[in-house]
Amino acid sequence: MTAEAASPELETLVRRAEHVIPREDLATRLERGKPLRVKLGLDPTAADVTLGWAVPLRKLRDFQDAGHLAVLIIGDFTARVGDPSGKSETRPQLTKEEVQGYAHSCLASLMDILSEDNLEVRYNSEWLEPMDMGDILRLTARYTVAQMLERDDFSKRYRGNRPISLVEFMYPLLQGYDSVAVAADVELGGTDQLFNLGVGRDLQRAYGQEPQVLMTLPLLEGLDGVQKMSQSLGNYVAIREEPEVMFGQLMSMPDGLVGRYALLATDMTPDEIAEVEAAARTGGPEAGRAKRRVAARVVAIYHGRAAALGAEAAFDRQFKDNQAPDEVPAAAIPPDAIDGVAVYLPRVLAELGLASSRGEARRLLSQGGVRVNGEQVTGEELPLDEVKGALLQVGKRRFVRLTA
RNA sequence: GGCGGGAUGCCCGAGUGGCCAAAGGGAGCGGCCUGUAAAGUCGCCGGCGAAUGCCUUCAGAGGUUCAAAUCCUCUUCCCGCCA
């Protein structure tokens with residue numbers, strides 16, 4: 001085997017990747033000059049596409065741009081099984097209807113990243129649903145319980161006396177079978193997918209195909225800076241989020257994440273990444289500026305440069321100058337909150353969704369978390385004409401304009 | 001199939017007859033501070049138009065008791081050991 005200098009194409013394609021296994025295979029397949037079938041499977045288990053998902057998706061786009069075929073697998077069947085990767089709990093099973101709804105909304109967002117060209121979209125229910133018991137037995141015969149238990153997440157749960165459903169053992173096999181069904185040359189995934197991707201490789205070999213190359217990409221941490229970005233944890237940024245909101249969400253990330261986001265969520269050059277990373281470490285206003293830079297770059301990818309500038313300006317108005325955002329949702333004062341000429345605020349807050357209950361609303365009031373036209377209000381009642389048309393604010397970022 | 005252990009609020013977890021809307025921690029929320037960061041600090045953290053008041057909550061269904069998260073019976077689910 002000759003260890004030739006990596007081609008520029010290979011260089012680009014493996015950028016940001018965590019593992020490429022086996023790397024030589026990718027090189028040789030590229031040398032053949034035929035477009036590769038590059039598989040990425042996504043389970044529609046939630047409605048949005050996050051910056052976390054965007055990491056492998058943007059890699060898939062790189063392959064498309066290099067002339068390869070993106071084989072996007074919508075895991076409408078596997079979503080119902082539930083991927084146990086990295087989870088310490090059994091995932092709740094979703095219904096077919098839920099999954100269809102998610103698939104529909106995800107697919108739209110996905111196309112913000114992927115190109116229409118060089119794209120094949122497949123639903124894995126196409127081949128998984130018709131499998132019969134014979135097919136399933138053939139599949140399950142390939143793997144042992146010990147192999148499954150080698151996986152960290154399974155063994156942890158096993159040792160910790162937590163349940164592991166048999167159906168969870170099926171998941172890697174089904175995902176692996178997808179690779180057989182679409183004859184993948186390369187499969188992309190997050191680092192937590194390494195085991196699953198490997199199963200695909202094994203199964204392809206067992207079914208007489210050339211085994212796929214595995215490429216994993218780093219998992220982007222969520223805004224909490226601790227756990228991976230996930231919709232169920234609520235620490236995510238959706239790629240379709242409004243520019244202003246997206247910018248604000250990104251500004252709330254811990255400093256330690258600036259470099260990670262620069263690397264994984266922007267198109268910054270290595271030099272730029274090093275710069276913002278250093279700035280974030282310096283701390284102080286310096287770090288704040290670095291974070292702004294990263295936030296603006298992310299917003300620009302999904303909404304364009306102009307929107308990014310606008311979002312930053314809006315951010316300053318709201319959080320530096322403490323002004324209400326330009327666009328504030330309007331709502332009528334709930335009629336049952338009005339008693340003659342008095343308005344009962346807890347009811348207003350609760351019914352408009354600014355507080356989860358009237359009790360919560362009362363707490364917010366008593367703690368000074370509620371403002372009417374910028375003035376802190378602590379009493380629970382206000383005269384009706386003071387409330388009509390007023391700007392109601394809870395905390396720093398929840399606003400409603402009350403219509404008269 | 002047998003024996004044993006377990007199921008508590010968003011999560012973890014204490015509580016084994018009244019003092020329990022239920023300790024403690026985490027997460028979250030609000031105030032101050034600040035770079036909407038971190039750290040810090042003060043407060044909140046089941047519901048009900050005020051309550052030392054009422055309602056709902058400790059897997060589910062029944063029962064004992066003046067009184068049950070706590071005791072009894074059955075059911076469901078989880079874990080372990082044995083087969």
Side-chain angles (χ1 to χ4, degrees), chain A residues 87-90 92-93 154 156-166 168 221-227 230 232-235 237 244-262 276-277 279-296 299 311-325 333-340 342-351 353-371 375-382 392-399:
Chain A
K87 297 263 172 17
S88 53
E89 297 288 332
T90 304
Q93 307 249 312
F154 282 145
K156 265 193 201 132
R157 277 158 67 180
Y158 192 65
R159 276 187 270 117
N161 291 352
R162 306 175 90 95
I164 303 171
S165 161
L166 279 181
E168 295 182 81
E221 290 82 357
L223 292 172
D224 57 14
V226 183
Q227 293 182 276
S230 112
S232 54
L233 295 172
N235 60 0
V237 179
E244 293 81 18
V245 178
M246 189 186 257
F247 189 90
Q249 286 176 335
L250 290 165
M251 285 304 286
S252 75
M253 79 170 90
D255 286 1
L257 247 45
V258 170
R260 289 289 284 176
Y261 274 66
V276 292
E277 229 170 359
R281 262 198 305 276
T282 307
E286 191 70 4
R289 277 194 290 274
K291 199 180 288 178
R292 276 168 183 268
R293 217 171 130 190
V294 171
V299 174
E312 186 163 3
F315 176 83
D316 284 339
R317 273 198 303 284
Q318 188 171 345
F319 296 106
K320 260 171 80 179
D321 310 332
N322 286 313
Q323 297 189 353
I333 303 170
D336 49 3
I338 303 171
D339 179 18
V343 174
Y344 185 67
L345 290 173
R347 196 148 200 155
V348 177
L349 293 167
E351 304 220 353
L354 293 169
S356 57
S357 70
R358 288 173 224 171
E360 167 75 14
R362 240 179 277 126
R363 273 174 235 132
L364 287 167
L365 280 161
S366 68
Q367 296 186 126
V370 178
R371 286 166 192 272
E375 295 294 319
Q376 229 173 44
V377 177
T378 47
E380 298 185 358
E381 282 186 13
L382 278 185
L392 187 60
Q393 176 182 1
V394 173
K396 282 179 197 143
R397 54 199 122 161
R398 280 171 280 171
F399 293 87

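In this text the structure is predicted, and so the values were computed from the model without any measurement. Protein chains get the first letters and strands the later ones, always in sequence-line order, with residue 1 at the start of each.
In this structure, B:U65 makes no Watson-Crick or G-U wobble pair, since no nucleotide meets both defining distances under 3.5 angstrom. Under the Watson-Crick and G-U wobble criteria, each requiring two contacts below 3.5 Å, nucleotide B:C77 is paired to B:G6. In a base pair of the Watson-Crick type (N1 to N3 plus N6-O4 or O6-N4) or a G-U wobble (N1-O2 and O6-N3), with each distance short of 3.5 Å, B:G17 is matched with no nucleotide. The partner of B:A27 cannot be assigned: no Watson-Crick or G-U wobble pair with both contacts below 3.5 Å exists in any strand. If you check B:C54 for Watson-Crick or wobble pairing at under 3.5 angstrom, you find it paired to B:G47. Across all strands shown, B:G40 pairs with B:C32; the Watson-Crick or G-U wobble distances both stay below 3.5 Å.
Residue contacts shown for A:E360 are limited to sugar-phosphate atoms, with no base heavy atom under 4.0 Å away. Within the 4.0 angstrom heavy-atom criterion, base atoms lie near A:K291.
The residue among A:D339 and A:G368 whose nearest nucleotide of RNA chain B lies closer to the 5′ end is A:G368.
Listed pair A:R398 / B:C29 fails the phosphate criterion, with no side-chain N or O lying under 4.0 Å from OP1 or OP2. Within the 4.0 Å cut-off from OP1 or OP2 of B:G43, not a single side-chain nitrogen or oxygen of A:S366 is found. Checking the phosphate oxygens (OP1, OP2) of B:G31, no side-chain nitrogen or oxygen of A:R363 falls inside 4.0 Å.
Under a 3.5 Å cut-off, the side chain of A:R398 and the backbone N or O of A:L354 do form a donor-acceptor pair.
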